[in-house]
Amino acid sequence: MQGILLQVIRFGFLILLWLFVYAIIRAMRSDLAAAGGNRTTVRSGRAERKQRAGRPRGTARYLVVTAGALANTRITLGTQPVLIGRADDSTLVLTDDYASERHARLSPRGDDWYVEDLGSTNGTYLDRTKVTTAVRAPLNTPIRVGKTVIELRP
């Protein structure tokens, strides 16, 4: 009887050990995916020049992270909205504990870009002012999402 009990305990310990290893591997995969979160659209030189030629001077072409874990990250802006948050399908994936899964969105409207908070816990700030509705985001104005600060640049 004691031999069977000892075997069951050994088998249970082995299962717990494998579950622990699986949890570690899963956590490492999610951290690696978040570290590679700068999802930018790769364009040919011709397509990018053509897109630049169609925009008047003074409009935003890049989204630059100026502070936070992803400082100096630059995303080329197109015609699609930019989703910011911790979710893996975000355009700018943040590893910030103060950012929500889907925290904020930057959307183009004509030549201007608008920032809106998507119901985040800690809020989105445009130059120290809390964003409650879609607000026009001027060039070189800090937008704070958690501990991350981003700016639209020409």
Selection residues 125-144 - residue pairs positive for salt bridge (Lys or Arg N to Asp or Glu O under 4.0 Å), sequence neighbours left out: D112-R136
Connected via hydrophobic side-chain network under 4.5 Å: Y125 and V115: no
Nearest-0.5 Å distance that lies between atom OG1 in T124 and atom CD1 in I84: 8.0 Å
Check: P81 main-chain N/O paired with S107 side-chain donor or acceptor under 3.5 Å: no
Counterpart residues, side chain to side chain donor-acceptor pair (under 3.5 Å), relative to Q80 (two or more places apart): none
Just list the side-chain donor-acceptor pairs under 3.5 Å for residues 14-28, sequence neighbours left out, or say none.
none

Partners passing side chain to side chain donor-acceptor pair (under 3.5 Å) against S120 (at least two apart in sequence or in another chain): H103, D117
Sub-4.5 Å side-chain heavy-atom contact between R153 and N140: yes
Hydrophobic cluster of L5, others only, ordered by chain and residue number, side-chain cut-off 4.5 Å: I9
Listed partners of R102 passing side-chain contact (heavy atoms from CB on, under 4.5 Å), at least two apart: L83, A87, D89, L118
Sequence neighbours excluded - salt bridge (Lys or Arg N to Asp or Glu O under 4.0 Å) pairs with any residue from residues 9-20: none
Heavy-atom closest pair, residues V93 and R86: CG1-O, 3.9 Å
L126 side, atom CG; T132 side, atom OG1 - distance, nearest 0.5 Å: 11.0 Å
Other cluster members, F13 - Ile/Leu/Val/Met/Phe/Trp/Tyr, side-chain contacts below 4.5 Å: none
Check: W113 and L77 side chains under 4.5 Å, non-hydrogen atoms: yes
Side chain to side chain, L106 and I143, heavy atoms closer than 4.5 Å: yes
Non-hydrogen atoms of R61 and P154 that approach each other most closely: NE-C, 3.8 Å
Interatomic distance, T66 atom OG1 to I150 atom CD1 [nearest 0.5 angstrom]: 8.5 Å
Other cluster members, V149 - Ile/Leu/Val/Met/Phe/Trp/Tyr, side-chain contacts below 4.5 Å: none
In one Ile/Leu/Val/Met/Phe/Trp/Tyr side-chain cluster, 4.5 Å: Y114, V145: no
With D96 via side-chain contact (heavy atoms from CB on, under 4.5 Å) - residues at least two apart: L94, Y98, A99, K147, T148
